[in-house]
Amino acid sequence: MSDNPQHSDQTHFGFKQVDKNNKASMVADVFHSVAAKYDVMNDLMSMGIHRVWKRFTIDCSGARQGHKVLDLAGGTGDLTAKFSRIVGDKGQVILADINDSMLKVGRDKLRDRGVVGNVEYVQANAEALPFEDNTFDIITIAFGLRNVTDKDKALASMYRVLKPGGRLLVLEFSKPTNDMLSKAYDMYSFHVLPKMGQLVANDGGSYQYLAESIRMHPDQDTLKSMMETVGFEQVTYHNLTGGIVALHRGFKF
Amino acid sequence: MPTPQLISALVETSINGVLALDAKSHERLKGLSGKRLWVHVRELPWPLTFCFSQRIDVLVDSDIEALSETPLPADCCLSLSLTTLPLLQDSSQITKLIKQDKLELMGDIHVAQGFSQLLSELNIDLEEKLSSLVGDVGARLTFQRLGAVKTAVTKKAHYIKTIIRDGAIEEKHIVASPIAIAHFCDEVNMLRSDVERLEAKLSLLEHQVNPSTDD
């Protein structure tokens, strides 16, 4: 799947073409709208499987005591909570999200659960990360990259702030590897998801965007080559649940 | 679906769920806080890493060869069989297990023993936990009935065992009684002694008939 719209003044917002300058605010509106029900909807939509995908991401991260981790587009902080315990007092986790509503929900949730001390919250745009070069041992971006306007710029920014030897993990919806699964998944995404969103979050439109944005996101091999283009090495990906989701991993040396 | 992650999620949820039932377990867990225990159970294809903090996180490590790594992937690394796992509670057995190749150990054994102790010292008052859901009377009655059922089942099991034993020994004669087995063993021992004496006599006679065979 090509990401060519990024090289013009237009980009995609779901299946629509919109001005590049407007996409960030349109995506922001979607997440302002769904923030409060985000966790409930994630569990409902994925039937809880998103927790297993996130566990797999953490297992592939190689996180250790003392590591500095950036959980980009970290939303409601599922990964941050676990990383916080793994890296311990000597380590640090930064939960970054461009959307302040998501960040507030994440911060409240983690503080209520006693996840404090080594976690910081930063409102940041993935395309221009406000951190010094070579800062992080691990960067994760789970279900966030597809919402970024200029993905190449965001990947380059992540590469810049990653320490040599560090790794980037991109967990994102991808292309199912089986035709039957793909058709069933399409039916579920375009017919069931928006109705579920309307019923639970009173916002069918945002979940229509979710389904469309997944189809517009680069497939496994395209994303792999995008990561390699900005400098990541030893880039590999694992298909999860038949390719509905893929975890890409790349290193900076 | 990543099976290892499903299993690690199950293990993690079970352990933390059980620990949450014992209010004092959090105090004992503090002693392990910040430590990591890497366990390769030989029956499983992937090692598990237990990370201790205010709770226990279980990670799946894809690298089985981690024991040869420097530095080690955890404060304590164990590679052992499921059958060896319970034996670790007795620290005097550890050297013996290592010599028998039943246990590979690197790092601080106190982390593994601390974890084992954490689980073995769990003191869970299930009746109290149940009383918060169904009230004191409901919990008391439930546990009284469960106790009565347990006693009845134990009695019945003992009765059935006795019937089967008596039937097999006394009526059908398909199994020997314990006294008959002891008597048989005694007779075998006596026979063995007789044979040994006979061997010794034969050897003596052989020596008397042909004294040069010893040289």
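So that the names make sense, note that chain A is the first sequence line, chain B the second, and so on, each numbered from 1. It should be emphasised that the depicted structure is a prediction, and the values quoted were computed from it without experimental measurement.
The 12-atom threshold is not exceeded at CG of A/Asp89, counting heavy atoms of other residues, nucleotides or ligands nearer than 6.0 Å. In B/His110, the NE2 atom is not crowded: 12 or fewer heavy atoms of neighbouring residues, nucleotides or ligands sit closer than 6.0 Å. In B/Phe184, the CZ atom is not crowded: 12 or fewer heavy atoms of neighbouring residues, nucleotides or ligands sit closer than 6.0 Å. More than 12 heavy atoms of other shown residues, nucleotides or ligands fall within 6.0 angstrom of atom CZ in A/Phe253. Counting heavy atoms of neighbouring residues, nucleotides and ligands inside a 6.0 Å radius, atom NZ of A/Lys68 exceeds 12 of them. Remark: B/Arg42 CZ is packed, more than 12 non-hydrogen atoms of other residues, nucleotides or ligands lying under 6.0 Å away.
Between B/Glu12 and A/Lys82 the shortest heavy-atom distance is OE1-NZ, 2.8 Å. The heavy-atom pair separating B/Ser53 from A/Arg85 by the smallest distance is OG-CD, 3.2 Å.
Contact annotation for B/Ser8: both backbone and side-chain heavy atoms come within less than 4.5 Å of a heavy atom of chain A.
The backbone N or O of B/Ala9 lies less than 3.5 Å from no partner atom in the side chain of A/Arg51, so there is not a single donor-acceptor pair. Under the 3.5 Å distance criterion, the side-chain polar atoms of A/Asp59 are matched with a main-chain donor or acceptor of B/Val60. In this structure a side-chain-to-backbone donor-acceptor pair under 3.5 Å is missing from B/Gln5 to A/Trp53.
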Open item on the list: Would B/Arg36 and A/Ile86 count as a side-chain contact (heavy atoms from CB on, under 4.5 Å) here? Give the steps.
Closed with: CA-CA 9 Å; B/Arg36 288 167 76 103; A/Ile86 294 171; 3.5 Å; yes
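Here the CG atom belonging to B/Leu59 is positioned 7.5 Å from the OG atom belonging to A/Ser61, to the nearest 0.5 angstrom.
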